[in-house]
Asker: 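Quick one: the structure is below, questions incoming.
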Amino acid sequence: MEIEDLSGVGEKVAEKLRSSGFKTVESIATASIGQLKEVGLGESSAIKLINSAQENINMGFETGLDLKKKREAIGKLSTGSAELDALLGGGVETQAITELFGKYGSGKTQIAHQLAVNVQLPKKQGGLDATAIYIDTENTFRPERIIQMAEAKGLDGDDVLKKTQVARAYNSDHQIILAEKAAEIAEEHKTKVLVVDSLTSHFRAEYTGRGSLAERQQKLNRFLHLLQRSIGDLHNTAVVVTNQVMSRPDIMFGDPTAPIGGHIVGHTATFRVYLRKGKGEQRIAKLIDSPNLPDGECIFRITGDGVVD
Ligand code: ADP
Ligand code: MG
């Protein structure tokens with residue numbers, strides 16, 4: 001469905017919407033009235049348009065039973081570490097956003113690679129018998145590493161790479177376009193994990209200074225809703241995003257780090273995992289603010305074979 005198919009959207013309005021980044025019905029359904037007013041729509045038109053978009057992608061009420069059925073379809077993807085899987089309530093979930101956050105070198109990219117491999121395993125081995133999409137913003141995706149991890153699982157390296165769609169995002173707008181494209185190809189490729197590594201690096205680089213903070217948060221928020229609705233919910237896919245924390249030397253007490261994107265990312269992600277380095281190969285994962293799981297910690301390792309207990 002195109003945005004022109006919404007009532008009240010003629011050629012001119014469609015063009016205005018598109019040039020402001022509202023290219024899909026989903027993006028309009030998750031827009032705020034203020035954002036559409038900025039595009040040049042009046043308040044009542046903006047409200048009508050958002051309602052019409054939401055009706056078309058079924059964002060209204062549904063029965064509890066429908067919701068129960070939808071939740072029964074949730075798949076669990078193994079991280080490679082039974083301890084880490086247990087912390088997450090059985091693995092990384094589909095229909096949810098899992099945020100991996102931590103300092104440089106804490107293992108975010110390694111887990112992301114591992115999930116792209118593991119999703120291709122049969123269900124008995126903790127996989128989802130499906131393919132991966134990987135949006136790389138920091139140029140840290142390494143086919144060699146995928147091959148190493150694949151072979152450690154008894155899979156053919158090239159075969160796993162064939163079932164991994166990779167795109168390099170050059171800026172935050174491009175990152176959004178790639179996510180929209182990912183939503184389009186997820187069905188045809190039978191994708192069960194979408195990685196965005198990293199979610200925030202472009203946003204952080206492009207929106208500096210206090211003045212642009214609100215704009216950055218709004219755009220990040222829209223991006224996360226796009227991931228949740230048009231990939232997580234629509235295709236029953238696991239969405240995994242990474243987020244580097246900044247060092248906050250000015251904070252004397254408590255956690256001296258703060259995730260970029262702050263509270264918006266925190267409230268939208270269903271699972272938030274804080275990663276930090278331990279001794280040698282060891283890494284510590286901490287689950288934070290999960291809606292239905294107890295907060296807790298576990299230890300896992302990153303080895304040549306990948307993520308293990
Ligand atoms: P980030 O959180 O910054 O994304 P990474 O996931 O890139 O961090 O983790 C990098 C770390 O992963 C390295 O410092 C190293 O400890 C480990 N690592 C990376 N590749 C390998 C490998 N082939 N074998 C063993 N450990 C590795
Ligand atoms: Mg990384």
Side-chain angles (χ1 to χ4, degrees), residues 77-81 83-85 87-88 92 97-119 132-155 157-158 160-161 164 166-172 175 178-179 193-205 220 227 238-248 255-261 265-266 269 271-288 297-309:
L77 170 57
S78 172
T79 60
S81 154
E83 292 269 330
L84 185 51
D85 290 349
L87 186 75
L88 293 168
V92 171
I97 298 178
T98 300
E99 177 193 353
L100 306 172
F101 72 106
K103 284 189 198 165
Y104 175 78
S106 58
K108 304 181 292 293
T109 297
Q110 293 301 310
I111 297 178
H113 277 62
Q114 188 73 62
L115 292 171
V117 172
N118 289 2
V119 75
I133 300 182
Y134 202 109
I135 299 177
D136 180 17
T137 75
E138 297 181 322
N139 199 18
T140 51
F141 179 84
R142 293 289 175 275
E144 308 87 277
R145 188 60 175 135
I146 293 286
I147 291 174
Q148 236 182 344
M149 289 173 168
E151 286 175 352
K153 295 278 179 198
L155 297 171
D158 283 356
V160 169
L161 286 172
T164 309
V166 190
R168 172 100 192 268
Y170 290 98
N171 55 50
S172 65
Q175 185 174 325
L178 288 172
V193 68
L194 170 84
V195 169
V196 184
D197 182 23
S198 109
L199 171 73
T200 42
S201 59
H202 285 314
F203 287 90
R204 177 169 59 149
L220 247 179
L227 295 179
V239 177
V240 177
V241 302
T242 70
N243 193 2
Q244 191 174 329
V245 298
M246 298 182 283
S247 275
R248 292 280 303 272
D255 186 356
T257 59
I260 297 156
V265 177
F271 299 96
R272 310 190 68 209
V273 184
Y274 178 49
L275 298 168
R276 59 183 203 272
K277 273 186 179 174
K279 264 189 222 148
E281 294 175 332
Q282 280 188 4
R283 296 291 185 280
I284 300 126
K286 185 175 184 185
L287 187 70
I288 292 169
E297 269 196 2
C298 80
I299 297 176
F300 65 97
R301 287 186 303 139
I302 299 172
T303 69
D305 284 349
V307 175
V308 298
D309 274 322

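Computed over heavy atoms, backbone and side chain alike; hydrogens, waters and symmetry mates excluded. Atoms within each ligand, like the ligands themselves, are counted from 1 in listed order.
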Asker: Which residue and non-hydrogen atom of the protein lie closest to atom 13 (C) of ligand 1, and at what distance in Å?
Answerer: R283 NH2, 4.3 Å

Asker: List the atom of Y134, the atom of A116, and the distance in Å for their closest heavy-atom pair.
Answerer: CD1-CB, 4.4 Å

Asker: According to the interplanar angle, ranging from 0 to 90°, do the rings of H113 and F141 count as parallel (below 30°), tilted (30 to 60°) or perpendicular (above 60°)?
Answerer: parallel

Asker: Looking only at protein heavy atoms, which one is nearest to atom 12 (O) of ligand 1, and what is the separation?
Answerer: Q110 CG, 3.4 Å

Asker: V193 and L115: which non-hydrogen atoms are nearest, and at how many Å?
Answerer: CG1-O, 3.9 Å

Asker: Should K277 be counted as touching ligand 1, given the test is an N or O pair under 3.5 Å?
Answerer: no

Asker: Considering all heavy atoms of both residues, which atom of L287 and which atom of V273 are nearest to each other, and what is their separation?
Answerer: CD1-CG2, 4.2 Å

Asker: Taking E83 for its side chain and C298 for its backbone only, find out whether a donor-acceptor pair lies under 3.5 Å.
Answerer: no

Asker: Any idea which part of T303 is under 4.0 Å from ligand 1, heavy-atom wise: side chain, backbone, both or neither?
Answerer: backbone

Asker: Identify the closest protein heavy atom to atom 3 (O) of ligand 1: which residue and atom is it, and at what distance?
Answerer: G105 N, 2.7 Å

Asker: Tell me: protein heavy atom nearest atom 24 (N) of ligand 1, and distance?
Answerer: G304 CA, 3.5 Å

Asker: Should you measure from each heavy atom of K103, which atoms of ligand 1 turn up under 4.0 Å away?
Answerer: 2 (O)

Asker: What is the nearest protein non-hydrogen atom to atom 17 (C) of ligand 1, stated with its residue, atom name and distance?
Answerer: I302 CG2, 3.9 Å

Asker: State, to 0.1 Å, how close A285 and F300 come at their nearest heavy-atom pair, and which atoms those are.
Answerer: CB-CE2, 3.8 Å

Asker: Backbone N or O of A169 within a donor-acceptor pair of the H202 side chain at under 3.5 Å?
Answerer: yes

Asker: Report yes or no: does N118 contribute a side-chain atom to a donor-acceptor pair with the main-chain N or O of S78 at less than 3.5 Å?
Answerer: yes

Asker: Do any N/O/S atoms of T242 come under 2.8 Å of the Mg ion (ligand 2)?
Answerer: no

Asker: For atom 7 (O) of ligand 1, what is the closest protein heavy atom, and at what distance to 0.1 Å?
Answerer: T109 CB, 3.7 Å

Asker: For Y104, counting its heavy atoms only, list the atoms of ligand 1 lying under 4.0 Å from any of them.
Answerer: 3 (O)

Asker: Check each atom of ligand 1 against the heavy atoms of K108 and keep those under 4.0 Å away; list them by number with element.
Answerer: 1 (P), 2 (O), 3 (O), 4 (O), 6 (O), 8 (O)

Asker: Below 4.0 Å from any atom of ligand 1, is there a heavy atom belonging to Q244?
Answerer: no

